[in-house]
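Every chain is numbered from 1 and lettered A, B, ... according to where its sequence line falls, protein lines coming before strand lines. When reading the values below, keep in mind they use all heavy atoms of this one structure, side chains included, and skip hydrogens, waters and symmetry mates.
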Amino acid sequence: MPELPEVETIRRDLEREAVGKKIKTVDVTGTRTIRRHKTKKPFVERLTGTKILGVDRKGKYLLLRLDSGDVLVVHLGMSGQLLAAKNAKTPPPLKHTHVVLSYSTGGQLRFVDPRTFGEVFVTTPEALESEVPELAHLGFDAYEQVMSWVDFARLLRSKRTKLKPLLMDQKVIAGLGNIYSDEVLFEAGLRHDRTSDTLTAQEVRRLYRAMMDVLQEAIKHRGSSLADEQYRDLFGEVGGFQAFHRVYDREGQPCVRCRNPLVREKVGGRSTFYCAHCQV
DNA sequence: CGATCTACCTGATGGC
DNA sequence: TGCCATCAGGTAGATC
């Protein structure tokens, strides 16, 4: 579900809602969610009594800095949600609530995840670099880390892969997933299957600018919620960027530029939407 | 090296 | 109403 704009929206919500709060108790029901820890005990003990100092984001990972020096890492997978609650009963906990942090002030932070592809774990900042390969090997952040066009061009030329898989490869660029890679490629006027080392300097700049523009707009509208409305922000509200999607989930609808019907294609098992006329 | 498949899960939806 | 196939925002690992 959640890609960079959705995770960034939740990060900003947490900054407002969770920072400064002390974790009084920790309840874990789904042990698959904390699978990096062998047992519940170390996870619960390392969190209990700590205070949340700040919230960072790396790609699609949320990093909650704790006053113990540890970091609470959250990845939402396909169906994860982080939800703020007034107390243990309000609102009533959803099915598939796997981890609940109760603050000393009475509120709660709940991790809900039906498909259990998401995960939560506690670690140290040092171990993040050395022992958590997915995080250590993340590429540059698609939104936060400014990269020069020259460097971006060099990065594209260093690979000989198709553009969409490249944009979605977290080791290269961190944060883009299936929705936003399609939206960025449409905005840039480039096909998903263009090989990355065939782009002209102008196309490289268009791609870079499209990535920045699409992500900025998506964050402004608090992310995308699809038909199932599974993506929710910290307060349970849906996002609004789906109304601005140009191609994603719009098979057969007219392209906003040329009015030709948009195409859907399976690429690497994932649905890919594009305009066969505008994207070259 | 890159491309392609599988597995990990639950739930919604549509065809018959 | 039920049954079955297909689909869904992610990622890692195996295989060719």
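Nearest to the side-chain atoms of A/Pro114 among the listed nucleotides B/dG11, B/dC8, C/dA8 stands B/dG11. The side chain of A/Glu3 lies closest to C/dG10, out of B/dC8, C/dG10, B/dG2. For A/Lys60, the listed nucleotide lying nearest its side chain is C/dG10; candidates were C/dG10, B/dC8, C/dA12.
B/dC9 and C/dC3 have their P atoms separated by 24 Å, given to the nearest Å. Separation of the P atoms belonging to B/dC5 and C/dC7 is 14 Å when rounded to the nearest angstrom.
With a 6.0 Å cutoff to the six-membered ring centre and a 45° limit on the axis angle, A/Arg257 counts as a cation-pi contact of A/Phe186.
With 3.5 Å as the limit, one finds a donor-acceptor pair spanning the side chains of A/Thr198 and A/Arg194.
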| query | Please, what dot-bracket string fits DNA chain C when only Watson-Crick and G-U pairs with both distances under 3.5 Å count, crossing ones use [ ] and pairs to another strand use |? | reply | .|||||||.|||||||
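One atom, CZ of A/Arg115, and another, C1' of B/dT10, lie 7 Å apart when rounded to the nearest Å. In this structure, NE2 of A/His192 is placed 11 Å from P of B/dT4, rounded to the nearest angstrom. Look at CZ on A/Arg35: it is 11 Å from C1' on C/dA12, rounded to the nearest Å. Atom CG of A/Asn178 is separated from atom C1' of C/dC7 by 12 Å (rounded to the nearest Å). Look at CZ on A/Arg264: it is 7 Å from P on C/dC7, rounded to the nearest Å. Rounded to an integer number of Å, the gap from CG of A/Leu62 to P of C/dG10 is 15 Å. Atom P of nucleotide B/dC1 and atom NZ of A/Lys171 are separated by 10 Å, given to the nearest angstrom. Counting to the nearest Å, the P atom of B/dA3 and the CG atom of A/Leu166 are 10 Å from each other.
A/Arg270 has a side-chain polar atom (N or O) that falls below the 4.0 Å cut-off from OP1 or OP2 of C/dG10. In this structure, A/Lys266 does not reach the C/dT6 phosphate: none of its side-chain N or O atoms is under 4.0 Å from OP1 or OP2. Checking the phosphate oxygens (OP1, OP2) of B/dG2, no side-chain nitrogen or oxygen of A/Lys162 falls inside 4.0 Å. The side chain of A/His96 contributes an N or O atom lying less than 4.0 Å from OP1 or OP2 of B/dG11. A sub-4.0 Å separation between OP1 or OP2 of B/dT10 and a side-chain N or O of A/Thr116 is absent. In this model, the phosphate group of C/dT11 is approached by a side-chain N or O of A/Gln170 to a distance below 4.0 Å at OP1 or OP2. Contact annotation: A/His75 side-chain N/O to C/dT11 OP1/OP2 distance is under 4.0 Å. For A/Ser271 and C/dA8, the shortest distance from a side-chain N or O to OP1 or OP2 is below 4.0 Å.
Between A/Leu166 and A/Ile173 there is a side-chain heavy-atom pair separated by less than 4.5 Å.
Residue A/Thr116 comes nearest to A/Ser79 through the heavy atom pair N-OG, 4.3 Å, listed as atom of the first residue, atom of the second, then distance.
Salt bridge status for A/Glu8 with A/Arg11: present, with a side-chain N to carboxylate O gap under 4.0 Å. With respect to the salt-bridge test (charged N to carboxylate O, under 4.0 angstrom), the residues A/Arg222 and A/Glu237 do not qualify. At a threshold of 4.0 Å, the pair A/Lys159-A/Asp197 does not count as salt-bridged, since none of the basic side-chain nitrogens sits closer than that to a carboxylate oxygen.
DNA chain B is contacted by both A/Gly269 and A/Arg160; A/Arg160 maps to the nucleotide lying nearer its 5′ end (nearest heavy atom per residue). DNA chain B is contacted by both A/Val267 and A/Lys95; A/Val267 maps to the nucleotide lying nearer its 5′ end (nearest heavy atom per residue).
Among the protein residues, A/Phe241 comes within range of no part of the nucleic acid, since none of its heavy atoms lies under 4.0 Å from any strand. Within the 4.0 angstrom heavy-atom criterion, no nucleotide atom of any strand lies near A/Gly268.
Relative orientation of the A/His245 and A/Tyr248 rings is perpendicular, given thresholds of 30° and 60° on the angle between their planes.
Each salt bridge (charged side-chain N to carboxylate O under 4.0 Å, His left out) pair with one or both residues in residues 70-87 of chain A, not counting sequence neighbours, appears once here: A/Arg46-A/Asp70.
With centroids closer than 5.5 Å and planes inclined by less than 30 degrees as the test, A/Phe117 and the base of B/dC8 pass as a stacked pair.
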